**Q** 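Let me begin by handing over the structure; questions about it come next.
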Amino acid sequence: MKTEDIKLFQQVVESGSLVKTSDTLDLAKSNISRRIKALESEIGAKLFTREPKSMRLTEQGQVFYQKSKSMLAELEQTLTELAEPTKEVSGELRVQMVANAHSLLLANTVYQFMGKYPQVKAELITTNEELNLSQQHIDIGFSFGEELEDSSLIARRIKTAKLKLYAAPSFFDGAEFGGVGVPKDFSQLDGLKYIQTRLPSGKVFKHSLAPGFDPKKLDTVLVTNDVQVLIDACVSGLGIAALPVHLGALLVSHNKLIPLCEERVVYQLHSWIMYRSNQFMPLVVRRFIDFAVTELEQSDMPSATLPATTRFLI
């Protein structure tokens with residue numbers, strides 16, 4: 001019985017179908033099906049009930065999945081501990097990140113790690129959706145939000161960004177302002193156009209740090225989960241937006257935006273590095289987590305953001 005076939009079985013369970021496993025691992029569906037059937041023959045039990053669009057575990061399959069997870073984890077952990085003092089860091093690393101202004105910074109962290117360990121190969125996946133590490137067979141995920149949603153993942157907080165309100169100078173030329181000038185108080189925002197941000201979880205910001213700020217009193221004209229679209233719309237004068245201070249201050253310094261309401265903080269946004277808690281962790285993954293946390297905690301976020309916002313500064 002090959003451990004590779006057991007791992008393949010586990011991946012089918014976690015992805016939920018042969019098609020998803022085939023796409024993720026770049027293996028022919030017929031190859032996966034043949035290996036699963038061979039595994040069932042060796043075990044002497046049917047592991048799946050095959051349905052048109054999914055693979056459902058049988059009772060025996062559920063038992064084998066749970067037992068094999070712990071069994072392989074213990075075996076591989078033992079082998080790693082025996083070899084680690086002399087073992088060169090190598091292997092494949094699959095990293096998924098939520099699209100944001102720091103995607104280049106996160107990608108560069110992977111490049112640096114590969115430079116330090118030349119035997120490492122990596123796949124980088126960028127998404128605008130909430131991360132699902134198990135289904136996509138991902139080792140490491142980078143995400144952000146006001147708080148960490150309930151999850152089976154382990155998450156280490158890397159950075160916290162404070163958000164303030166900004167608008168383009170041209171926004172104040174609109175007739176709806178009536179010559180009032182730049183709002184200094186939240187009460188002066190009522191009815192003004194607002195650009196709302198949708199977080200990777202699909203939710204909008206809800207934990208305001210400023211009691212007087214209520215987006216429901218503004219006129220939401222655009223909702224987006226793309227930070228570049230958010231910045232572009234705000235700089236274009238479409239409406240008011242809540243932006244991380246390091247982004248807002250950069251654009252203010254180039255006369256693209258104006259801070260509102262005496263620059264009071266309205267939200268905070270945390271960044272996390274995330275990984276699965278119920279699996280054996282290969283040496284390459286363990287080393288990357290430690291490397292990434294150290295590098296990102298020491299990184300200069302405003303400078304790292306500059307390449308991503310250059311087109312707004314011209």
Side-chain angles (χ1 to χ4, degrees), residues 24-26 76-77 79-81 83-134 136-145 148 151 153-162 200 226-228 231 243-247 249-251 268-277 279-313:
T24 300
L25 301 182
D26 195 24
E76 293 183 335
Q77 184 68 46
L79 293 176
T80 298
E81 289 172 356
E84 188 167 330
T86 58
K87 186 176 182 180
E88 183 177 2
V89 177
S90 62
E92 297 183 0
L93 191 66
R94 286 173 58 85
V95 179
Q96 190 174 49
M97 63 186 78
V98 172
N100 62 70
H102 301 128
S103 294
L104 291 177
L105 172 64
L106 299 177
N108 190 58
T109 303
V110 178
Y111 308 154
Q112 292 178 33
F113 183 75
M114 295 173 69
K116 184 175 181 179
Y117 301 108
Q119 298 303 312
V120 172
K121 297 180 180 180
E123 180 174 353
L124 295 178
I125 303 166
T126 302
T127 179
N128 281 321
E129 299 177 356
E130 193 170 13
L131 303 183
N132 191 322
L133 305 192
S134 294
Q136 298 300 322
H137 200 56
I138 301 298
D139 298 307
I140 301 294
F142 290 102
S143 189
F144 61 92
L148 184 64
S151 173
L153 301 175
I154 293 176
R156 292 171 66 174
R157 187 183 297 177
I158 302 170
K159 292 279 188 180
T160 296
K162 296 186 182 302
D226 188 318
V227 68
Q228 296 296 347
I231 295 171
L243 296 174
V245 171
H246 60 271
L247 283 178
L250 183 64
L251 292 162
Q268 63 181 3
L269 193 64
H270 305 300
S271 299
W272 286 282
I273 180 171
M274 307 167 71
Y275 45 95
R276 287 174 283 177
S277 60
Q279 66 162 12
F280 158 74
M281 185 178 292
L283 179 61
V284 62
V285 176
R286 205 158 3 115
R287 289 286 175 84
F288 178 73
I289 291 171
D290 293 337
F291 179 86
V293 169
T294 299
E295 290 295 315
L296 294 171
E297 285 180 343
Q298 297 173 354
S299 65
D300 184 343
M301 301 296 266
S303 296
T305 301
L306 187 58
T309 54
T310 299
R311 72 185 182 91
F312 300 113
L313 306 179

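Side chains are part of it too, since the values below use all heavy atoms of this structure and drop only hydrogens, waters and symmetry mates. Because the structure is a prediction, the values reported are computed rather than measured.
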**Q** Taking atom NZ of Lys159 and atom NE2 of His270, what is their separation to the nearest 0.5 Å?
**A**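 So the NZ of Lys159 and the NE2 of His270 are separated by 14.0 Å.
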**Q** With a 4.5 Å cut-off on side-chain heavy atoms, are Phe144 and Pro200 touching?
**A**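 A side-chain contact under 4.5 Å exists here.
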**Q** Suppose the criterion is side chain to side chain donor-acceptor pair (under 3.5 Å): which pairs have a residue in residues 107-116, not counting sequence neighbours?
**A**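 Checked against side chain to side chain donor-acceptor pair (under 3.5 Å) - neighbours excluded - no pair reaches residues 107-116.
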**Q** Mind checking side chain to side chain contact (heavy atoms under 4.5 Å, CB included) for Val110 and listing every partner two or more places apart, or none if nothing turns up?
**A**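 Val110 satisfies side chain to side chain contact (heavy atoms under 4.5 Å, CB included) with Val95, Met114, Ala122, Leu124, Phe288 only.
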**Q** In Å, rounded to the nearest 0.5 Å, how long is the span from CD1 of Ile154 to OH of Tyr275?
**A**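 If we round to the nearest 0.5 Å, Ile154:CD1 and Tyr275:OH are 5.0 Å apart.
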**Q** Looking at Glu123, I want to see if its CD is surrounded by more than 12 non-hydrogen atoms of other residues, nucleotides or ligands under 6.0 Å.
**A**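 Atom CD in Glu123 is crowded, with more than 12 foreign heavy atoms closer than 6.0 Å.
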**Q** Measure the CE-OG1 distance between Met97 and Thr126 for me, rounded to the nearest 0.5 Å.
**A**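 The OG1 atom of Thr126 is 5.0 Å from CE of Met97, to the nearest 0.5 Å.
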**Q** Rounded at 0.5 Å granularity, tell me how far OH in Tyr117 sits from CD in Glu88.
**A**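 So the gap between those two atoms works out to 10.0 Å.
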**Q** Which distance, rounded to the nearest 0.5 Å, do you find between the OG1 of Thr294 and the CD1 of Ile289?
**A**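 With rounding to 0.5 Å, OG1 (Thr294) is 11.5 Å from CD1 (Ile289).
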**Q** Measure the shortest side-chain to side-chain distance between Val284 and Lys121 over non-hydrogen atoms and say whether it is less than 4.5 angstrom.
**A**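 Contact flag for Val284/Lys121 side chains = no.
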**Q** Which pair of heavy atoms, one from Gln119 and one from Val89, lies closest together, and at what distance?
**A**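 The answer is CB-O, 3.8 Å.
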**Q** To check you understand the geometry: which heavy-atom pair defines the closest contact between Arg94 and Ile125, and what is its length?
**A**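 Where Arg94 meets Ile125 most closely, the heavy atoms are NH2-CD1, 3.6 Å.
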**Q** First locate atom CG of Leu105, then atom CD of Glu295, and finally report the distance between them rounded to the nearest 0.5 Å.
**A**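 It comes to 9.5 Å.
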**Q** Suppose we screen for ring-ring contact (aromatic ring centres under 6.0 Å, His included). Which residues come up paired with Phe291, at least two apart in sequence or across chains?
**A**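 Listed in chain order: Phe113.
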**Q** Please determine whether side-chain contact (heavy atoms from CB on, under 4.5 Å) holds for the pair Asp290 and Arg156, giving the CA-CA distance in whole Å, both sets of side-chain angles, and the decisive distance to 0.1 Å.
**A** CA-CA 10 Å; Asp290 293 337; Arg156 292 171 66 174; 3.6 Å; yes
**Q** Does Ile273 reach the side chain of Leu296, with side-chain heavy atoms less than 4.5 Å apart?
**A**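 A side-chain contact under 4.5 Å is absent here.
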**Q** Any idea which heavy atoms bring Val98 and Ser143 closest together, and the distance?
**A**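 Distance-wise, the nearest heavy atoms are CG2-OG, 3.7 Å.
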